[in-house]
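A short worksheet on the structure shown next.
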Amino acid sequence: MCAWYSAPSARGRGTTRLAVAALMSGLVAAGVMVAAGPAAAEGAPQSPGGATATLGGLKVHGTAVVHDDNGDRRIPAGLFEMSVDGGGTLQTYCIDLHNPTQQDARYHETPWSGTSLATNKNAGKIRWILQNSYPQVNDLAALAAKAGVRNLTEQDAAVGTQVAIWRYSDGADVDAVDPEAEKLADYLEKNARDLPEPRASLTLDPPAVSGHPGERIGPVTVRTDADSVTLTPPAGAATSGVRIVDENGEEITSAADGSRVFFEVPEDSADGAATLTAQASTTVPVGRAFTSDSRSQTQILAGSSESTVAATARVTWAAQGAIPALSATKNCAKGGLDITAANKGDEPFSFELMGIRHTVAAGTSRTVTIPLQEDQAYDFTISGPGGLGQRFTGVLDCETQGSPAGTAARTLSEPSPVTVGAPAPSADTNLADTGGTDTTPMIAAGGLSLLVLGATVLSIVRKQRATQD
């Protein structure tokens, strides 16, 4: 666990926050079932590009002290280690000191826009600290000389670096217990300068394209620091005839940074979809954020060995009608999920999500933001023509408890943003348009159960608050 502690007032907020998260997750799931309809199970989850890793734990660490209204509290502080899927090791620091980390939690490389760094004006200073301290600077004697420290151990260097980061990531009043580590933290905090966000280790842009069979569909641009990227064609490509080609129509199995990749689909192909996988070996840039769908604390990269990174791009094709390409990204600046739909077909594409209907005209692209509660899990599928669907899963984790939004207590009387403003279907609305099915009564029963659960949790929270008062 990373520098997590509790106090009576914090427990009250934490109980409310977890209760709201659980209740809202249930409401989202119920809303999704209505919106997605029978084809919901046919989509595969869309994964972000970059490195995916498993958290090991604190490897080099010491002790820090947090000062707040509840007194002084000692907490562990230092450098974490992660094991990368496919090979490699990452070193990371925490950027949300009040939240716990979970052993063996799965993490994904994530742009700053999908984390608390999106609205943190000091995010660039955190990257400067990472670039100018341990383990990027492993000459501890040189680092000690710059910081005015007599003798700097690895433990002191890790604690001092973490403390300096927390002062900018959480705005925390925190000090290192060891005097040498504290001097390093003060030096790093004082000298930090803004640096830009590092780019991803590997992405395919855009992550989804669409078009007609018989034409070259794309392009998808490769973005990476790796020297070369291996391209794996879609499963069943040998029988379907789908090929991965360059701008000249030549079939390719590898690419480099900036390469433009296309899908070539045979003209007589039935409507369908396929996924390209790109993989490379490279060091992940320092300052990249890592988030977990299990609500384990957000991390920021301090060091990387040569590691395996991957990304996917999906192609959808049809002879006629709407042909949507769907993708999603977390948008912490707006507190929600951005859904982008590009329609390369000759008819409008419409989809309903959380009770609101959206339409994308033929030949156009549209992005809609789905508002979510902090810490809210989401799992839904947008169904396309022919039963083809794209699934999106994750957890919105945009705030630290030290931020103004993160310290605000939420109550269960607040409505879920995803249900606010949802229009009720008219009497003559067809169930095919609303996504309703013969499972709708079961969904309604589930919604009633959630309301009962909400009332129960609210009663418990109020009793706890009365006891604390």
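Numbering of residues begins at 1 and proceeds along the displayed sequence.
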Output, in order, the C-alpha distance, side-chain angles, deciding distance and verdict of side-chain hydrogen bond (donor to acceptor under 3.5 Å, both in side chains) for Thr291 and Thr110. CA-CA 6 Å; Thr291 59; Thr110 305; 2.8 Å; yes
Counting N and O atoms only, with roles assigned by atom type, does the side chain of Ser133 sit under 3.5 Å from a partner on the main chain of Ile129, one being a donor and the other an acceptor? no
side-chain hydrogen bond (donor to acceptor under 3.5 Å, both in side chains) between Asp170 and His98: does it pass, once the steps are laid out? CA-CA 9 Å; Asp170 293 73; His98 294 284; 5.2 Å; no
Under the salt bridge (charged side-chain N to carboxylate O under 4.0 Å, His left out) rule, what do Arg216 and Asp246 come out as? Steps first, then yes or no, please. CA-CA 10 Å; Arg216 199 173 299 157; Asp246 61 15; over 6 Å; no
Thinking salt bridges, do Asp194 and Lys121 make one under a 4.0 Å N-O criterion? no
Please answer whether the main-chain N or O of Gly57 pairs with a side-chain N or O of Glu81 as donor and acceptor at a distance below 3.5 Å. no
Going by atom types alone, do Ser296 and Thr101 pair a side-chain donor with an acceptor below 3.5 Å? no
Any side-chain heavy atom of Val209 sitting closer than 4.5 Å to one from Phe262? no
Search all heavy atoms of Ala289 against all heavy atoms of Thr115 and return the closest pair with its distance. CB-CG2, 3.9 Å
Between Thr277 and Thr312, is the side-chain hydrogen bond (donor to acceptor under 3.5 Å, both in side chains) condition met? List the steps. CA-CA 5 Å; Thr277 300; Thr312 60; over 6 Å; no
side-chain contact (heavy atoms from CB on, under 4.5 Å) evaluation trace for His67 with Asp175: CA-CA 8 Å; His67 312 283; Asp175 298 314; 2.8 Å; yes
What pair of heavy atoms forms the shortest contact from Ser294 to Ala105, and how long is it? OG-CB, 3.7 Å
Decide, yes or no, whether a salt bridge links Lys330 with Glu374 under the criterion of side-chain N to carboxylate O below 4.0 Å. no
Verdict with reasoning, Gln102 to Ser292, per side-chain hydrogen bond (donor to acceptor under 3.5 Å, both in side chains): CA-CA 9 Å; Gln102 297 183 21; Ser292 172; over 6 Å; no
Which atom pair, heavy atoms only, marks the closest approach of Arg167 to Asp186? NH1-OD1, 2.9 Å
Can Lys183 and Asp156 be counted as an ion pair, charged N to O under 4.0 angstrom? no
